[in-house]
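For this chain, numbers begin at 1 and follow the sequence in order. All values below were derived from every heavy atom in this structure, side-chain atoms included, with hydrogens, water molecules and symmetry-related copies excluded.
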Amino acid sequence: GETAPVGAAIAYIAETEAEIAFRDYWYLSTFKPVPGKFRPISFDTTIAKEAWAMFEFRVLGMLMEHPEFYDLFEFRVDYFDDVKNRQVMQLIIDRYESGLGIGRFELAVAVKPNEELAVRVLESWVDRAFTIQDFRVAYQELRQAYVKRVQALQATNLLQNPDEAEHILEILNEVSSLSLDVVESRTVKDLFEEYREARRNGDEFMSTGEPALDKALLGGWRSGFYGVAGRLKEGKTLVLLYMAHKLALQGRRVVFVSYEMPVNQVVDRILAQTLDIDVNKIASDELDFELNAGVWARDLVDAAKSRLPENLIVEQPSDNSVHGLRGLLRRIEAKHGVIDAVFVDYGQIMSDSGRHPSPAVENAVISSKLRAMSLQLDLTVVCALQIKRQDGVKEKKRFGASDIALSDQYAKDMVGVFYINRVHMPDVDVDPLSVGSELLLDLGTYRFGPPKAIRFRAYDKFARIEYLPWR
């Protein structure tokens, strides 16, 4: 009744000093594992233990430097053999799952009462030239070492307690699957049935709730990173909130993240859209006026709760980094369930914890991280973007990637960018008849189709826009 996992375990324990043999094949000088090209560093148990512990906390250092790797790989405390490394990994797991930072200095402060552990965190060595491929190799070797430890332990257990063979076999079968490659590759033929099912169900697209936008996007939102770009005070938040509200009305769970506007101001605008009441009147609570015969504004606002979408969540986080945004989304998902889309107002106000030579480089990094987040979490992320000032320059008829402030990397990373064009930007007080003004959403950068312009009438007073067909 012997199976391959049991046979491997028994063969493994037959080796000399099997319980520590896995530590004896590492580059002590570089800590850079190369699959299939190991050399023994020592057969001295103490040196081997120290060498492996140093490799483990190099992996931890990589994770502290790039928190986004956490979502790409599965981490367990048991993967680590050294006691202090296990403590650090447990701290990383606890903080990351709570949406807290896991940078080296943040972790050192968190464990400050334990000076020995704080030193271990601060000493976690990182070669800043490493890539995600380096991390993938290191992670795979970390898991394989864990598998060998379990095999050795369970093989001993099997020889000493043969009556427990069934339970031991379950453990060995479970850990054996971890020795496989981190990513399971599949051919087109392998995934064909899954592909056809997704196409039949229309899983790739998510209706925006506005037919004109669906048509421009050739079906609706896809998982990925999108942008809404406009000049200062030209209606970026207006358009972004309109898109978020429309999507929520389709039954999708939507998160609207504002780094600039307090939550109450965002809710003012949602109420103005829903009730068709002047947003400034709502904000100042000047609601003692009659809208129609017998219908008072205050009564409508007081009773508006039942008309608001249950699945639109508005947040103003204090941490404006991509890592902070990931933590916020994890907390929201734990409470409310799976998120379909995130709307961010706005990109250039975000920050990154790393050191960057210029704001342009920092924004390029932020853009890349937002794109990676959208793909890793299978999420639609729509981000407002600022257009450069055009002072003293002839007004452009059409904006493009080079017009985005601070970094054109945003346009390169995005599935599509809507550029806002408004010929006339009225003050809400100069629109007594509430006729609004024309707003063009120009889908000028889109990977799946040609440029398109969609015409709307913007009612700034009521914080909403309405589709206008072309004449």
Side-chain angles (χ1 to χ4, degrees), residues 67-68 70-72 99 203-210 213-214 216-217 219-230 236-237 239-248 250 252-261 266 311-317 319-333 336-352 362-386 401 404 406-419 441 443 445-448:
E68 62 270 20
Y70 188 96
D71 288 318
L72 297 177
D203 293 342
E204 184 177 351
F205 301 104
M206 184 167 56
S207 174
T208 65
E210 171 56 68
L213 286 177
D214 286 346
L217 293 168
W221 298 118
R222 292 172 165 88
S223 295
F225 188 29
Y226 294 80
V228 175
K236 295 185 297 296
T237 302
V239 172
L240 203 69
L241 191 55
Y242 164 82
M243 290 176 167
H245 195 183
K246 275 282 189 181
L247 187 56
Q250 306 308 303
R252 300 289 185 171
R253 185 166 287 110
V254 178
V255 179
F256 187 92
V257 179
S258 174
Y259 292 111
E260 187 177 38
M261 189 180 294
V266 177
N311 44 1
L312 176 57
I313 300 160
V314 180
E315 294 281 351
Q316 188 195 23
D319 185 346
N320 64 346
S321 67
V322 178
H323 173 59
L325 178 58
R326 281 175 176 264
L328 172 68
L329 297 182
R330 281 195 303 278
R331 293 194 296 273
I332 292 173
E333 282 204 335
H336 298 282
V338 176
I339 297 168
D340 294 300
V342 179
F343 291 78
V344 180
D345 190 18
Y346 61 95
Q348 288 101 334
I349 207 171
M350 297 183 74
S351 65
D352 186 70
E362 181 180 25
N363 274 266
V365 171
I366 291 168
S367 173
S368 298
K369 287 186 175 182
L370 285 171
R371 176 180 178 273
M373 182 185 79
S374 70
L375 297 176
Q376 291 160 13
L377 303 184
D378 192 22
L379 197 63
T380 299
V381 178
V382 187
C383 184
L385 297 170
Q386 194 87 318
I404 296 175
L406 294 179
S407 177
D408 62 358
Q409 186 65 37
Y410 285 108
K412 296 175 182 177
D413 287 331
M414 287 174 168
V415 177
V417 182
F418 289 97
Y419 298 95
L441 275 185
L443 186 56
T445 306
Y446 191 48
R447 292 181 185 173
F448 298 102

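For the atom pair Asn320 CG and Ile366 CD1, the distance stands at 7.5 Å (nearest 0.5 Å). Note that the CZ atom of Phe418 and the CG atom of Leu385 stand 12.5 Å from one another [nearest 0.5 Å]. Going from atom CG of Asp319 over to atom OH of Tyr259 covers 7.5 Å, rounded to the nearest 0.5 Å. Here the CD1-CG distance, from Ile349 to Asn363, works out to 11.0 Å after rounding to the nearest 0.5 Å. Atom CZ of Arg252 is separated from atom CG of Asn311 by 10.5 Å, given to the nearest 0.5 angstrom. The distance from the CZ atom of Arg253 to the CG atom of Asp340 is 7.5 Å, given to the nearest 0.5 Å.
Side chain of Glu362 to backbone of Ser351: no donor-acceptor contact under 3.5 angstrom is found.
Nearest approach of Pro317 to Ser258, heavy atoms of both residues: CD-O, 4.1 Å. Considering all non-hydrogen atoms of both residues, Lys412 and Arg447 come closest at O-NH2, 3.0 Å. Closest heavy-atom contact between Ser207 and Leu247: O-CD1, 3.2 Å. Nearest heavy atom pair, residue Val417 against residue Ala411, reads CG2-CA, 4.2 Å. Contact detail for Ala216 and Leu443: the closest heavy-atom pair is O-CD2, 3.6 Å. The nearest pair of heavy atoms linking Lys236 to Ala384 is CB-CB, 4.2 Å.
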Kindly indicate, with the supporting measurements, whether the criterion side chain to side chain contact (heavy atoms under 4.5 Å, CB included) is fulfilled by Val415 and Leu217.
-> CA-CA 10 Å; Val415 177; Leu217 293 168; over 6 Å; no
Going through the checks in order, is the side chain to side chain contact (heavy atoms under 4.5 Å, CB included) test met by Phe256 and Leu240?
-> CA-CA 9 Å; Phe256 187 92; Leu240 203 69; 4.0 Å; yes
Begin with the C-alpha distance, continue with both residues' side-chain angles, and end with the deciding distance and a verdict on side chain to side chain contact (heavy atoms under 4.5 Å, CB included) for Ile404 and Met414.
-> CA-CA 12 Å; Ile404 296 175; Met414 287 174 168; 5.8 Å; no
Given side chain to side chain contact (heavy atoms under 4.5 Å, CB included), test Lys246 with Leu213 step by step and report yes or no.
-> CA-CA 11 Å; Lys246 275 282 189 181; Leu213 286 177; over 6 Å; no
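Residues Val322 and Asp352 fail the side-chain proximity criterion, which asks for heavy atoms closer than 4.5 Å. Met243 places a side-chain heavy atom less than 4.5 Å from the side chain of Leu441. Here the side chains of Glu315 and Ile332 are in contact, with some heavy-atom distance below 4.5 Å.
Under the side chain to side chain contact (heavy atoms under 4.5 Å, CB included) criterion, Ser367 pairs with Phe225, Gln409, Tyr410, Asp413, sequence neighbours left out. Shown here are the side chain to side chain contact (heavy atoms under 4.5 Å, CB included) partners of Thr380, two or more places apart in sequence or in another chain: Met206, Trp221, Tyr226, Ala341, Val382.
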